[in-house]
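Since we're looking at a predicted model, the values are computed, not measured.
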Amino acid sequence: MRDAGMRLAESHLREEPLGRRLALAAQVELEARCYAAAAVQDARRDGATWEDVAQEAGQSAAAVRARWGPARAERLMRDRLEGQEESL
């Protein structure tokens with residue numbers, strides 16, 4: 001995520017076209033969503049309940065399950081990997 005954030009900041013400083021900056025911002029956003037999903041999966045693996053996660057996130061257990069459940073986390077990671085392959 002740090003690299004994506006740095007690329008976004010550098011793009012802004014170089015006054016690159018808006019489309020480029022928006023694409024980089026979307027990449028940073030995806031990285032942040034992946035990090036959050038991975039952190040939740042780690043907490044769940046370590047014994048946290050969905051209610052624990054919900055309390056930390058200030059949301060309902062149903063909302064956090066929908067946002068960071070295993071299937072959603074896997075889909076986020078797959079999207080991230082596909083995005084990296086496209087940039088190679």
Side-chain angles (χ1 to χ4, degrees):
M1 188 161 66
R2 184 182 208 187
D3 291 339
M6 288 299 296
R7 285 194 304 273
L8 177 58
E10 290 168 357
S11 177
H12 173 73
L13 291 174
R14 286 194 299 265
E15 298 182 358
E16 291 183 348
L18 176 60
R20 170 75 175 147
R21 288 188 270 169
L22 290 175
L24 289 168
Q27 186 178 9
V28 169
E29 180 183 6
L30 178 58
E31 291 287 327
R33 286 184 296 164
C34 287
Y35 180 80
V40 168
Q41 293 305 308
D42 288 348
R44 294 277 298 140
R45 206 173 15 261
D46 291 342
T49 65
W50 284 114
E51 289 74 21
D52 296 333
V53 174
Q55 184 174 354
E56 292 295 326
Q59 299 178 14
S60 71
V64 297
R65 273 193 304 273
R67 186 174 184 182
W68 295 308
R72 178 69 176 140
E74 184 178 325
R75 192 167 44 250
L76 281 169
M77 298 300 174
R78 187 176 56 245
D79 290 350
R80 180 177 177 256
L81 289 173
E82 288 173 1
Q84 287 178 346
E85 290 171 359
E86 290 175 7
S87 67
L88 293 178

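Atom CD of E51 has more than 12 heavy atoms from other residues, nucleotides or ligands within 6.0 Å. Counted within 6.0 Å of CD on E74, heavy atoms from surrounding residues, nucleotides or ligands total 12 or fewer; the atom is thus considered open.
In terms of heavy-atom proximity, R72 sits nearest to R67 at CG-O, 3.0 Å. Taking every heavy atom of both residues into account, A37 and W68 meet most closely at CA-CD1, 3.6 Å. Minimum heavy-atom separation, A73 to Q41: CB-CG, 3.9 Å. Contact detail for M77 and A38: the closest heavy-atom pair is CE-CB, 3.7 Å. Of all the heavy atoms in L76 and C34, the pair that sits closest is O-SG, 3.4 Å. Pairing each heavy atom of W50 with each of P70, the nearest pair is CZ2-CD, 4.3 Å.
The side chain to side chain donor-acceptor pair (under 3.5 Å) with R21 is formed by just one residue from the set E15, H12, E16; it is H12.
Contact of the E31 side chain with the R80 side chain is registered, since non-hydrogen atoms from C-beta on lie closer than 4.5 Å. A 4.5 Å side-chain heavy-atom check between D52 and E56 finds every atom pair outside the cut-off.
The CG atom of L8 lies 9.5 Å from the CZ atom of R20; values are rounded to the nearest 0.5 Å. The distance from the CD atom of Q55 to the OG1 atom of T49 is 8.5 Å, given to the nearest 0.5 Å.
One hydrophobic cluster, built from ILVMFWY side chains closer than 4.5 Å, holds both L24 and V28.
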